[in-house]
Amino acid sequence: MPDEDDTTDAPDRPSDLMEKVVSLCKRRGFIFQSAEIYGGFRSTYDYGPLGVNVLRNVKNAWWEAMVQRRDDVVGLDAAILSPPAVWQASGHLANFTDPLVDCRKCHQRWREDKIGGVCPACGSTEFTEARAFNLMFKTHAGPLEDDGAVAYLRPETAQGMFINFLNVLQTTRKKPPFGIAQVGKSFRNEITPQNFVFRTREFEQMEMEFFVPPEDSPAWFEYWLAERFRWYTGLGIPEDRLRLRHHDPDELSHYSAGTADVEFAFPWGWDELEGIANRTDFDLKAHAAASGEKLEYFDPTTNERYTPHVIEPAAGATRTMMAFLLSAYSEDEVGGEARTVLRLHPRLAPYQVAVLPLSKKETLEPLARSVLASLQPHFMCDYDVTQSIGKRYRRQDEVGTPWCVTVDFDSLEDHAVTVRDRDTTEQVRVPVADVAAELRRRYEEA
Ligand code: GAP
């Protein structure tokens, strides 16, 4: 794992990578500015027809690795709205703040810890005293807007797992070490949302709370660091664009006894994709004290009762999707012609397959449609008949479709189709009867 601040671009990665990916996202329907027809609503984004597929694939890949393929982790989907008592106990009401300063010259507001003492807008070094700005979105539940009706949009999914600890323990008969995983929206009133979907006010998290006997927490912390790093490389982010960075003691969150971030080499430098924290027994003890419930585990083999410690891998789904797109974007040449290609892992691509009848002529349509129907139970498929086959291949390359299946006039005679590979552009002829199995094989092997 590289450790130095080296974000040098690879030869096929353009220097204006960020602009190119943002433009591709808009142009091809991955991500739109929210409320665009009203001038846009800052820091919120809508995921279009292709983006929603990628985002789902990211979340599904996480769920498969963290829940489906394990017998020691179960899932949860907790409410987004919650009462102040949860956030009082968790420490968020008191501590979930960023230091807010106003520039004395241009009056713009900034997060003090992100600007290095210089106003990014006007260059001034004169600021107001920093004040703690709480990042939680506050609202009212019910028809009265009084203090008794205050509710918060969750700023992390994690607390849903802690407050359901007993429910899960009792209903699943799990015992430590075991985890509860959740994927869902979180909301933070970020002072300076920025860098496209990297830091937004509404975003999605993929978090898991892993409850362990206290003495085992250092070993589990190391275990989850390695597992999580491997998840990103397994889905195609090159190792030299990822690193693990351990937090200095003065950086630690109020609940953490140790945190390491998985960082990605974004175009602006190394930045966080995921935090893996040793949260000790902070949360369970805090909620036990505030609620009066015993949030403990009774071990019948030793007759001991204890509060488990928690190792938490906490990732951002939307931020991670952006890292996958940035890492997949490349430009190369095919047959002397420039092309843009998203080298997304087939599991993450918005479509795994595009079915392309060579011509619009009606004679090809029945066979092309029946090939499409045979692939749709297995894969997300696109069906495209417009423009030349070369242009259609380029369009699919640009959105990351790993395989194109072309139905031509010979197909009517030999009952075979051409399968083209996005990365190598290699084309092979495959019998129609075998094409689903052949693509499945390639998908499983990717
Ligand atoms: N439960 C611990 C927790 O929430 P965090 O480091 O604040 O930890 C975890 O958040 C992950 O959530 C981050 O690594 C990032 O990927 C994502 N995330 C946090 N704030 C975000 C924001 N404003 N926009 C997009 N993603 C965000």
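Counting convention: from 1, in listed order, for ligands and their atoms alike.
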Query raised in the report: Can a cation-pi geometry be assigned to Arg420 and Tyr393, taking NZ or CZ under 6.0 Å from the six-membered ring centre and within 45° of the ring axis?
Result: yes
Query raised in the report: With Asp216, which residues qualify under salt bridge (Lys or Arg N to Asp or Glu O under 4.0 Å), at least two apart?
Result: none
Query raised in the report: Got the residues with a heavy atom under 4.0 Å of ligand 1, by chain and number?
Result: Glu156, Ala158, Arg188, Glu190, Phe198, Arg199, Thr200, Phe203, Gln205, Glu207, Tyr255, Glu272, Leu273, Glu274, Gly275, Arg279, Glu312, Ala314, Ala315, Gly316, Arg319
Query raised in the report: Are the side chain of Asp147 and the backbone of Val150 linked by a donor-acceptor contact shorter than 3.5 Å?
Result: no
Report task. Output yes when a side-chain donor or acceptor of Asn278 lies under 3.5 Å from a complementary backbone atom of Thr280, and no otherwise. Result -> yes
Query - Under 3.5 Å: donor-acceptor pair, side chain of Arg69, backbone of Glu64 - result: no
Report task. Report the residue from Arg392, Lys391, Arg395 that forms a salt bridge (charged side-chain N to carboxylate O under 4.0 Å, His left out) with Asp384. Result -> Arg395
